[in-house]
Every structure is written in structure tokens, then in C-alpha cells.
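So the structure is just underneath, and the comments pick up after that.
Counting from 1, the numbers follow the sequence of the chain as shown.
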Amino acid sequence: MAAATIVHDTSEAVELCPAYGLYLKPITKMTISVALPQLKQPGKSISNWEVMERLKGMVHNHQFSTLRISKSTMDFIRFEGEVENKSLVKSFLACLDGKTIKLSGFSDILKVRAAEFKIDFPTRHDWDSFFRDAKDMNETLPGERPDTIHLEGLPCKWFALKESGSEKPSEDVLVKVFEKFGAIRNVDIPMLDPYREEMTGRNFHTFSFGGHLNFEAYVQYREYAGFIQAMSALRGMKLMYKGEDGKAVACNIKVSFDSTKHLSDASIKKRQLERQKLQELEQQREEQKRREKEAEERQRAEERKQKELEELERERKREEKLRKREQKQRDRELRRNQKKLEKLQAEEQKQLQEKIKLEERKLLLAQRNLQSIRLIAELLSRAKVPGGSLCRRQPHPGCPRCPPLKRGWCHGAVYPLAAAVSTKPALMLRMRAPARGGALVCRSR
């Protein structure tokens with residue numbers, strides 16, 4: 001479908017559904033053909049843009065709404081032009097048809113032919129003959145008779161619910177727009193069915209040249225009169241939308257009668273069965289996806305649990321290793337303390353033994369001193385003689401250690417006594433007991 005064009009003159013618009021700003025406007029198109037001369041000089045060509053500008057200049061004070069090239073060959077150039085009103089078509093045809101164009105650089109004259117655009121729209125004879133001759137059609141059944149209109153190129157935004165804020169077309173809006181011509185039995189917008197593309201293998205989302213999303217629709221009337229009125233009203237018309245701001249745009253739509261039993265009971269039931277199967281398949285796919293997702297989640301949970309167990313095991317091993325390390329450290333510290341204690345005890349024991357030995361030595365020395373004293377006392381007691389003389393014997397003659405004695409004392413009797421008084425055992429003189437009946441004898445070293 002062609003792009004929507006801005007409409008400046010809405011005087012010829014016919015109301016279709018003013019509540020939704022929809023109107024019908026006559027198609028004011030014309031076909032212009034320009035015959036091209038034979039190019040005799042190689043390398044020379046005729047500019048399509050120059051020809052188009054010459055055509056625009058030929059209509060004098062009027063202007064084309066749109067003028068575009070529909071076909072271009074070596075023999076002719078065909079243009080499609082559109083004007084604002086139906087009344088201007090004849091004026092444009094009078095200015096163009098049968099006229100000639102002289103291009104600069106070319107000696108030949110270009111002939112112009114212009115005619116009103118022939119609209120491709122089915123007639124009553126077309127659908128009557130089709131349903132009469134079709135052997136698989138039963139005209140007593142809905143959908144198998146001329147009661148359904150097939151519309152293509154309808155802008156989605158124009159048939160959307162205003163309060164919804166969506167640009168998707170609504171079947172309710174479609175019914176309100178086309179029930180003007182008669183009671184509607186059924187409507188269908190294939191693009192609203194999410195399973196239709198999979199069922200038919202077609203893409204129902206189409207775009208116009210202006211980038212607007214278009215859709216196709218089927219409108220089935222209860223009576224043949226409603227179908228006839230709708231087809232008659234849409235013949236030679238294009239759809240116009242007038243906004244709240246007063247600006248209007250129009251677009252061409254394709255209108256035909258349905259020849260595919262699209263809204264027959266059998267087709268509707270078949271689509272319902274196919275839709276049901278697709279829904280079941282979709283449910284199965286969703287169930288399969290859900291099971292796969294659950295299995296994946298379980299697997300992830302198991303992996304996560306396994307990771308947690310592994311982490312716990314690693315943590316336990318780390319703690320066990322740390323505990324063993326601490327235990328070893330405690331054992332080493334204990335052994336070290338034990339060794340220190342044993343060493344300290346050994347040193348104390350050694351000191352104690354030394355003290356014991358020292359005490360024993362002191363005791364031994366004390367005992368020896370005591371024995372010496374007793375011995376001296378015994379010797380002294382034995383050395384005493386009657387008459388007050390301590391020694392009857394004379395000094396040894398020639399003895400260097402026996403000086404002359406005073407008052408009758410012997411050397412051997414004097415020094416043992418001094419030795420007994422001394423506390424040092426090394427200075428003690430060794431004494432020998434005198435012979436029976438004799439006196440003490442000095443034992444010189």
C-alpha cells in the first residue's frame with residue numbers, strides 16, 4: 001500500500017465513523033504517459049526529472065498532491081498523479097491530454113497522454129459469477145457466499161482503542177466502523193491471532209512506505225444487502241483519518257470480496273482445531289521447558305549443594321589441619337616445657353646432691369674433729385702420771401724437733417694438745433699410742 005498523504009481539502013470526505021475520526025475520500029488519481037523519441041545520438045539520455053517538471057508546469061496554477069513514476073522504458077514514461085479534489089481531475093486532464101513537451105537538446109517533440117486512473121475494484125458481476133461457478137461453494141452457508149469483505153492496508157493505529165494506549169487494532173473498533181452498512185456476523189483480524197502465522201505460514205505484519213504498521217481484516221455481514229452497501233461505499237475511495245487537531249491524512253486500501261471461505265463455519269472450526277493443537281503443542285513445549293528448567297534448577301541446586309559440601313569438606317580439612325598444627329605446636333611446647341622442667345629438676349637434683357655431699361663432708365669433718373678431740377682427750381687422760389709430772393722421759397738426743405723443754409714438758413706432749421685445739425684437720429699431728437708402761441713418743445715426719 002502507498003504511504004499516507006496529507007489532505008489539505010476535506011470537502012469531499014464522506015463520514016465512515018466520526019467517533020474514531022475515519023472518513024472516506026474519493027480517489028483522484030490520473031495516469032500520464034509520455035512517449036519518448038528514438039535517441040539517435042549515443043550517450044544522450046532523457047531526464048525523468050526534467051519531464052516531471054515540465055508536466056508540473058503544464059497544469060498552470062494547479063499543483064499535484066503527488067506525482068511519481070510508475071514505469072519507465074525506452075519508449076515511454078508512465079506517471080501516476082493525484083490531486084486534492086475530484087473536480088480538479090478533469091481540469092488536469094484538459095491541460096495534459098494530447099499536449100506535447102519540447103525538451104532542451106532534443107529536436108523531437110514528446111507526446112503526452114493523460115487519463116483518469118483505472119481503479120482495481122471488483123464489480124457485482126465478478127462476485128456473482130465467482131460464487132455461481134464455484135463448485136465447492138454452498139451459497140446457503142455463511143462464508144461461502146458473497147457476504148465477506150477482505151480489507152488490506154488498514155493502518156493499525158487508526159483502529160486501536162483510544163483508552164488502551166496500544167497501537168494494536170481492535171475487533172470492536174472494526175465492528176463499530178463497518179456496521180454502518182449493515183449488521184455484522186463476524187470479523188477476523190489475523191495479526192491478533194498469535195498462532196495464525198504458524199498455521200498459514202504468512203506474515204500478517206506489513207508496513208507502508210511511511211513506516212506505519214498495517215493489517216488486513218475480514219468483515220462478514222449477516223445480509224447480502226450489507227455486503228453490497230459496503231462494497232459500493234468503498235468503491236473508488238481511500239481511507240482518511242482526521243485527528244483532534246483538524247489535520248487529516250489519507251491512505252489507499254485494497255478492498256475485495258473473500259473467495260477463500262475464510263469466515264465459513266468449517267474454516268473457523270478448522271482454525272479452532274489447529275489453534276487448539278498448537279496450544280497443546282505450546283503447552284507441551286512450555287511443560288517441556290518447565291521440566292527442563294526444573295531439571296536444570298535441580299542440577300544447579302545439586303551442583304551448588306555439592307560445592308557447599310566440598311567447601312565444608314575443605315573447611316573441615318583446613319580446620320583439621322589447623323587443629324593438628326595447633327596440636328603439634330602444643331605437643332612441641334609441652335615437650336619443650338617438659339625438657340625445661342626435666343632440666344630444671346636435674347639441675348635442682350644436682351644442686352641437692354652437691355648440698356648433700358657438702359653436708360656429708362661437713363658431717364664427716366665434724367665427726368673426725370669429734371673423734372680427734374676424743375682421741376686427744378683419751379690420750380691426754382692416759383698421759384697423766386702420778387706426782388704431777390707429765391713425762392718422765394728425757395728429750396731425744398739429737399732430735400732437731402725436740403728443743404730443750406721447760407719445766408719437764410716433752411715436745412710430744414705439748415704439740416698434740418695444740419693440734420687438738422686447732423680446727424683444721426691438716427695441722428693435726430698423727431699420734432701413736434704409747435707402749436704399755438711407757439710415755440708418749442714423738443713421731444717426726
Side-chain angles (χ1 to χ4, degrees), residues 1-2 16 24 26-27 29 117-156 159 169 171-206 214-239 251-279:
M1 296 293 104
L16 179 62
L24 295 176
I27 297 174
K29 283 186 177 182
F117 183 77
K118 186 178 180 180
I119 300 171
D120 184 15
F121 198 92
T123 61
R124 183 169 183 173
H125 174 73
D126 294 334
W127 60 73
D128 285 342
S129 60
F130 174 82
F131 286 102
R132 184 182 62 250
D133 299 337
K135 296 180 179 180
D136 57 342
M137 296 286 186
N138 186 355
E139 294 190 18
T140 61
L141 300 177
E144 300 185 26
R145 59 193 180 193
D147 58 0
T148 304
I149 299 175
H150 182 205
L151 301 148
E152 295 180 81
L154 299 173
C156 295
F159 288 85
E171 291 184 352
D172 295 335
V173 176
L174 188 67
V175 170
K176 290 179 181 179
V177 171
F178 287 96
E179 67 182 358
K180 174 183 179 179
F181 307 110
I184 293 177
R185 181 177 181 270
N186 199 356
V187 295
D188 181 42
I189 301 177
M191 71 172 296
L192 297 180
D193 187 356
Y195 304 99
R196 192 67 59 88
E197 291 185 3
E198 190 173 353
M199 290 161 55
T200 60
R202 290 178 55 196
N203 182 14
F204 294 100
H205 297 75
T206 59
N214 298 333
F215 71 99
E216 64 175 292
Y218 294 86
V219 180
Q220 186 181 58
Y221 288 92
R222 292 185 181 275
E223 302 293 337
Y224 180 67
F227 171 79
I228 290 293
Q229 289 183 16
M231 294 295 286
S232 300
L234 296 174
R235 182 187 304 276
M237 293 290 187
K238 57 183 179 181
L239 191 63
C251 69
N252 293 312
I253 59 174
K254 184 178 180 180
V255 182
S256 62
F257 63 91
D258 177 39
S259 59
T260 60
K261 304 182 185 179
H262 184 79
L263 290 180
S264 64
D265 294 338
S267 297
I268 294 173
K269 187 175 181 180
K270 182 180 178 181
R271 283 196 297 272
Q272 289 177 350
L273 292 175
E274 291 179 357
R275 186 182 301 107
Q276 186 177 358
K277 290 180 180 179
L278 290 174
Q279 287 176 348

I would like to know whether Ile184 and Arg222 meet side chain to side chain contact (heavy atoms under 4.5 Å, CB included); could you show each step before the answer?
CA-CA 6 Å; Ile184 293 177; Arg222 292 185 181 275; over 6 Å; no

Taking the side chain as C-beta and beyond, is there a heavy-atom pair between [X] and [Y] under 4.5 Å?
X	Y	value
Phe159	Val177	yes
Phe181	Ile228	no
Leu239	Pro155	yes
Asp265	Leu141	no
Leu174	Val219	yes
Tyr218	Asp258	yes
Ile149	Met231	yes
Pro146	Phe131	yes

Please report the shortest heavy-atom distance between [X] and [Y], naming the atom on each side.
X	Y	result
Tyr221	Gly226	CG-C, 3.9 Å
Trp127	Pro122	CZ3-O, 3.8 Å
Leu16	Lys180	O-CD, 3.5 Å
Leu192	Pro194	O-CD, 3.4 Å
Glu171	Val187	CB-CG2, 4.0 Å
Asn252	Lys29	ND2-NZ, 3.2 Å

Rounded distance (nearest 0.5 Å) linking atom [atom1] of [X] with atom [atom2] of [Y]:
X	Y	atom1	atom2	result
Ser264	Lys269	OG	NZ	12.0 Å
Leu234	Gln229	CG	CD	11.5 Å
Met237	Ile119	CE	CD1	9.0 Å
Arg145	Met137	CZ	CE	12.5 Å
His262	Thr148	NE2	OG1	9.0 Å
Lys238	Leu24	NZ	CG	11.5 Å

Less than 6.0 Å separating the ring centroids of Phe227 and Phe257?
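That pair fails the under 6.0 Å test.
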
Verify salt bridge (Lys or Arg N to Asp or Glu O under 4.0 Å) between Asp193 and Arg275, making sure each step is shown before the conclusion.
CA-CA 9 Å; Asp193 187 356; Arg275 186 182 301 107; 2.9 Å; yes

Going through the distances and angles, do Arg235 and Asp126 end up as a salt bridge (Lys or Arg N to Asp or Glu O under 4.0 Å)?
CA-CA 14 Å; Arg235 182 187 304 276; Asp126 294 334; over 6 Å; no

Determine whether more than 12 heavy atoms belonging to other residues, nucleotides or ligands lie under 6.0 Å from atom [atom1] of [X].
X	atom1	answer
Asp120	CG	no
Lys277	NZ	no
Glu223	CD	no

Take Leu151 and Phe178 through the test side chain to side chain contact (heavy atoms under 4.5 Å, CB included) and record every step on the way to the result.
CA-CA 11 Å; Leu151 301 148; Phe178 287 96; 3.6 Å; yes

Dump the intermediate steps for side chain to side chain contact (heavy atoms under 4.5 Å, CB included) on Ile268 and Asn186, then the final yes or no.
CA-CA 10 Å; Ile268 294 173; Asn186 199 356; 3.3 Å; yes

Hey, are Arg124 and Asp128 close enough for a salt bridge, meaning a charged N less than 4.0 Å from a carboxylate O?
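Between Asp128 and Arg124 there is a salt bridge, with a charged N closer than 4.0 Å to a carboxylate O.
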
Please check this pair: side chain of Glu216 against backbone of Glu152, looking for a donor-acceptor N/O pair closer than 3.5 Å.
no

Is a side-chain N or O of Ser267 found less than 3.5 angstrom from the main chain of Lys261, in a donor-acceptor match?
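Such a contact is found between Ser267 side chain and Lys261 backbone.
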
Would you check, one step at a time, whether the test side chain to side chain contact (heavy atoms under 4.5 Å, CB included) holds for Leu154 with Asn214?
CA-CA 5 Å; Leu154 299 173; Asn214 298 333; over 6 Å; no

